[in-house]
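Here's the structure we're looking at; comments come further down.
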Amino acid sequence: MSPDHPPGLDLDRLRGLLDRERPGLVTGPLSGRLIEGGRSNLTYAVSDGTARWVVRRPPLGHVLATAHDMKREHRVISALHPTDVPVPRPVLLCEDEDVLGSPFYVMEFVEGTPYRTAEQLAPLGPERTRAAVLNLVDTLVGLHAVDPAEAGLGDFGRPDGFLDRQLRRWAKQLDASRNRDLAGIDELHATLGRELPGSPSPTVVHGDYRLDNVLIGGENDEIRAVLDWEMSTLGDPLTDLGLLVMYSSPLGMPDSPVSTTAQAPGHPAPAELIERYAARSGRDVSAVAWYTAFAWFKLAVILEGIHYRYTLGQTVGRGFDRIGDLVPVFIEHGLTTLQEG
């Protein structure tokens, strides 16, 4: 398919749907392109030559149904849009698979930069980099301060037994994609289960919170939008903190297709991020090592699922050929984090 007609995006059918459901929204022929960087759900930028929107849909081929729930993702951004949490304005949810082959939703296009690597952050300089990452922590504190019931998300999840259920869910996801031996991953899962901490009061959790899932822009490098809500639910807020700490830790793997921003000049150390979150949220973070190890485990499972889809020829974009090599690295980091406490 041409760059303006990427796989998984039928622009004629999309235009027909938008004309029926949002008359007058589109004023010219649509073009679209895949937004690179995502390794799970597919994200496209769509334009009629005047305005721009974003389309989100599940990956092509092998998926676990609960891991790519477009209705859920659309619901949470719709609920959070009136709050202080920066999210794109939702436009439309489509559950009719005849349009694009799967459920999808459309939201506004927000200008901003998702900083994925230390190299991308470097031109900002140490002071701006430091401020951007600390803003990331503050935005997370703001998300966790939202009252789920007041936002219409009181039934968005089942917080009781959240961590135990999460461990079982990701073990099930691993089994759905398991087609090779992965040394240490069963040990990591078992140790996490034995050392399960008690959870604080539940909040809306993002589930994949990191610097390249937000858009940064403007004169003050503010966070303009938090993206990629596919894993959001009601649960233990410290799972988001653990993930942020994980993504702020060096991988020790040059030229990795999944990288952290930890080595950018000015990037705050994980300990400072933990301290800032604790001070601004008032939560006890003494068990943060468990949550960070859980993040390493969760990402190892996600990456293994992506590697599995790559082996089946069901991925779109570049860099998938190296994903499989990352999984043992994430497993080892998880085990080390638990051992070091």
Side-chain angles (χ1 to χ4, degrees), residues 36-40 113-124 126 129-130 132-134 136-137 140 170 173-174 177 180-185 187-189 191-192 206-214 216 228 231 238-274 277 288-310 315 317-341:
E36 296 281 358
R39 294 286 183 257
S40 186
T113 301
Y115 290 98
R116 295 188 172 92
T117 66
E119 290 74 21
Q120 290 173 341
L121 273 175
L124 294 183
T129 293
R130 173 179 167 77
V133 177
L134 293 180
L136 190 65
V137 177
L140 184 62
W170 289 105
Q173 179 107 338
L174 174 64
S177 304
R180 60 175 181 161
D181 291 331
L182 290 171
I185 198 162
E187 177 189 351
L188 177 56
H189 176 257
T191 306
L192 287 167
H206 182 276
D208 196 17
Y209 195 77
R210 61 185 195 263
L211 195 61
D212 67 333
N213 271 344
V214 305
I216 294 175
D228 292 2
M231 297 180 188
L238 297 181
T239 54
D240 279 341
L241 178 64
L243 196 75
L244 183 56
V245 170
M246 185 209 77
Y247 275 112
S248 299
S249 305
L251 272 180
M253 190 175 180
D255 301 320
S256 164
V258 177
S259 61
T260 75
T261 56
Q263 293 178 315
H267 195 294
E272 183 176 0
L273 303 184
I274 295 166
Y277 179 88
V288 70
W290 186 95
Y291 292 95
T292 306
F294 172 65
W296 288 114
F297 170 73
K298 175 176 160 180
L299 263 293
V301 173
I302 292 170
L303 293 173
E304 185 63 14
I306 295 168
H307 170 70
Y308 179 53
R309 290 203 303 275
Y310 168 74
T315 51
R318 300 187 299 270
F320 291 100
D321 56 326
R322 294 178 290 153
I323 290 289
D325 294 337
L326 270 177
V327 179
V329 177
F330 278 67
I331 295 169
E332 182 60 32
H333 275 291
L335 290 169
T336 301
T337 300
L338 282 178
Q339 291 165 2
E340 296 177 350

By side chain to side chain contact (heavy atoms under 4.5 Å, CB included) - contacts of H206 (at least two apart): L143, D208, Y209, N213, V226, W229, D240

- prompt: Can you tell me how far OG1 of T292 sits from CG of L243, rounded to the nearest 0.5 angstrom?
  reply: 9.0 Å

Partner residues of E187 under the side chain to side chain donor-acceptor pair (under 3.5 Å) criterion, sequence neighbours left out: none

task: Please tell me if the side chains of L121 and L211 come closer than 4.5 Å, counting only heavy atoms from C-beta onward.
output: yes

- prompt: Do the side chains of M231 and T239 get nearer than 4.5 Å, heavy atoms only?
  reply: no

statement: In short, A118 meets A264 closest at the heavy-atom pair CB-N, 3.5 Å

message: If the test is side chain to side chain contact (heavy atoms under 4.5 Å, CB included), which one of I274, T337, L238 qualifies with Y291?
response: L238

- prompt: Looking at residues at least two apart in the chain, or sitting in another chain, which of them share a side chain to side chain donor-acceptor pair (under 3.5 Å) with T113?
  reply: none

task: May I ask you to decide if L251's main-chain N or O and H333's side chain share a donor-acceptor pair within less than 3.5 Å?
output: yes

field: Side-chain heavy-atom pair V137, E272 within 4.5 angstrom cut-off
entry: no

query: Who are the side chain to side chain donor-acceptor pair (under 3.5 Å) partners of Y277, not counting sequence neighbours?
result: H144, R283

- request: Identify, with sequence neighbours excluded, every residue that meets side chain to side chain donor-acceptor pair (under 3.5 Å) alongside Q263.
  value: none

statement: Shortest non-hydrogen pair, A293 vs G334, comes out as CB-O, 3.6 Å

query: By ring pair (Phe, Tyr, Trp, His ring centres under 6.0 Å), which residues pair with H307, not counting sequence neighbours?
result: none

message: Is there a side-chain contact between M246 and F330 in this structure, where contact means two heavy atoms from C-beta onward sitting under 4.5 Å apart?
response: yes

